[in-house]
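The structure appears right after this line, and notes come after that.
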Amino acid sequence: MRHGKISNVYSVLLNAYGPQGWWPVYSLRQTEGRDERGYSDKPPGKLSPLSRFEIAAGAVLTQNTSWFNVEKTIDTLSRSGLLDPVKILDVPQSELAASIRQSGYYNQKARKLKILAAFLLDGEYLQDGKFPDRDALLGLWGIGKETADSILLYAYGVPFFVVDTYTKRIFNRLGVLTGDEEYDEIAEKFSSCFKSDAAVLQEYHALIVRHAKEQCRKKPECNGCVLRESCLLNLQNNPSSKNF
DNA sequence: TCCCAGGGGCCGA
DNA sequence: TCGGCCCATGGG
């Protein structure tokens, strides 16, 4: 049963790294008494509309881009007063593109941010107690499954598991996945394992990112890896495994 | 200089 | 359906 391994890996990673406290929210960094990294200690349902929008925007900005660069962009946006869906709709797209330049793909991402801002404002999805339908998010240009699930999970606390390259890489190497599974199939494996507990799904994805950055890189650093013993990489008998 | 980074859209076979 | 290409900056 794969569920056993999935929950076991969660325990191992949580024990090794501790709670990750995702998602860092810039606006909270400015608040007295808050962790200086801006990690939210509030459940997503209690986030302010602007914090919620910041998470959604961050999910777009980090597409195929390191969070380090995204943070600088969010900082730039905030300083110029653009970390606000109304302002994003007001400003010319070329100007928005220039201000998010550091996070790459700036022309595409400027268009995506405008589309997303309009959608969230029109549906009043930044207000408390209301969150967008997944299919509606997926219908937006520039929002794929990973981005939609990141927004739903971290901005709204809706229990969707976020499947990214890191997830595929780690669990292919562990032999839990083969590399042929569809996105939704992988997401279902994880979310059903934790009875769709949003807090755990948030934590697990964060731990996966941490582990992929520190150990399970594209070129793996197996020394000191807490999953080393259970990893198929050690057995060298997994020729069919796809490399992510 | 080269590789990599928390994807997604589009197009042709 | 699936592979290949495009988008693009910045750090190691």
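Only this structure's heavy atoms are used, side chains among them; waters, hydrogens and symmetry mates stay out. Note that the structure is a prediction, hence the values are computed from the model and not measured. Reminder, nothing fancy here: chain letters follow the sequence lines and each chain counts from 1.
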ask   = Do any pairs count as a side chain to side chain donor-acceptor pair (under 3.5 Å) and have a residue in residues 190-201 of chain A, sequence neighbours left out, and if so which ones?
value =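 Of all non-adjacent pairs touching residues 190-201 of chain A, those that pass side chain to side chain donor-acceptor pair (under 3.5 Å) are His3(A)-Ser192(A).
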
Could you tell me whether [X] contacts a base, only the sugar-phosphate backbone, or nothing, with contacts defined as non-hydrogen atoms closer than 4.0 Å?
X         : result
Tyr105(A) : base
Lys145(A) : sugar-phosphate
Ile208(A) : nothing
Ile100(A) : nothing
Ser103(A) : nothing
Gln108(A) : base

Whole-Å gap separating [atom2] ([N]) and [atom1] ([X]):
X         : N       : atom1 : atom2 : result
Lys112(A) : dC10(B) : NZ    : P     : 10 Å
Glu214(A) : dA5(B)  : CD    : C1'   : 16 Å
Asp164(A) : dG7(B)  : CG    : C1'   : 10 Å
Ile151(A) : dG7(B)  : CD1   : C1'   : 12 Å
Phe244(A) : dG7(B)  : CZ    : C1'   : 13 Å
Leu116(A) : dG7(B)  : CG    : P     : 17 Å
Trp67(A)  : dG7(B)  : CH2   : C1'   : 15 Å
Ile115(A) : dG8(B)  : CD1   : P     : 14 Å

key: Whether Phe171(A) and Phe190(A) hold their rings parallel, tilted or perpendicular, with breakpoints at 30° and 60°   =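 Phe171(A) vs Phe190(A) ring planes: perpendicular.
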
query = Closer to the 5' end of DNA chain B via nearest nucleotide, is it Trp141(A) or Lys219(A)?
reply =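 Of the two residues, Lys219(A) wins.
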
ask   = If you find the nucleotide of DNA chain B closest to Thr62(A) and the one closest to Arg111(A), which residue's nucleotide is nearer the 5' end?
value =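 Nearest-nucleotide comparison on DNA chain B picks Thr62(A).
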
Can you name the closest pair of heavy atoms from [X] and [Y] and give their distance?
X         : Y         : result
Leu116(A) : Val60(A)  : CD2-CG2, 3.9 Å
Cys222(A) : Arg228(A) : O-NH1, 3.2 Å
Arg52(A)  : Leu47(A)  : NH2-O, 3.1 Å

task = Just jot down the ring-ring contact (aromatic ring centres under 6.0 Å, His included) partners of Phe131(A), sequence neighbours excluded, or say none.
result =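 ring-ring contact (aromatic ring centres under 6.0 Å, His included) check on Phe131(A) returns nothing, list empty.
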
request  = Return the set of residues passing ring-ring contact (aromatic ring centres under 6.0 Å, His included) with Phe119(A) (not counting sequence neighbours), or none when no residue passes.
outcome  =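 Listed in chain order: Tyr125(A).
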
query = Would you say the ring centroid of Phe194(A) lies under 6.0 angstrom from that of Phe161(A)?
reply =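 No.
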
query = How does DNA chain C read in dot-bracket, base by base from 5' to 3', with Watson-Crick or G-U pairs under 3.5 Å and | used when the partner is on another strand?
reply = |||||||.||||

ask   = Looking only at side chains, do Thr167(A) and Asp164(A) share a donor and an acceptor under 3.5 Å apart?
value =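 There is such a pair (donor and acceptor under 3.5 Å, judged by atom type) between the side chains of Thr167(A) and Asp164(A).
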
key: Pair Lys109(A), Thr65(A): side-chain N/O donor-acceptor within cut-off below 3.5 Å   =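 Short answer, yes.
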
inquiry  = Reading DNA chain C from 5' to 3', where do the contacts with chain A start and stop? Cut-off is 4.0 Å to heavy atoms.
reply    =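 Both ends considered, the range comes out as dC7(C) to dG11(C).
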
ask   = Would you say Thr62(A)'s side chain and Ala59(A)'s backbone share a donor-acceptor pair under 3.5 angstrom?
value =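 Pair absent, no side-chain N/O of Thr62(A) close to backbone of Ala59(A).
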
Taking only N/O atoms, report every protein-nucleotides 11-13 of chain B pair under 3.5 Å with atom names and distance.
none

query = In whole Å, what separates the P atom of dG10(C) from that of dG8(B)?
reply =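 Between the two P atoms, the distance is 22 Å.
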
key: Same cluster (ILVMFWY, side-chain, under 4.5 Å), Leu152(A) and Tyr204(A)   =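 In one cluster with Leu152(A): Tyr204(A), yes.
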
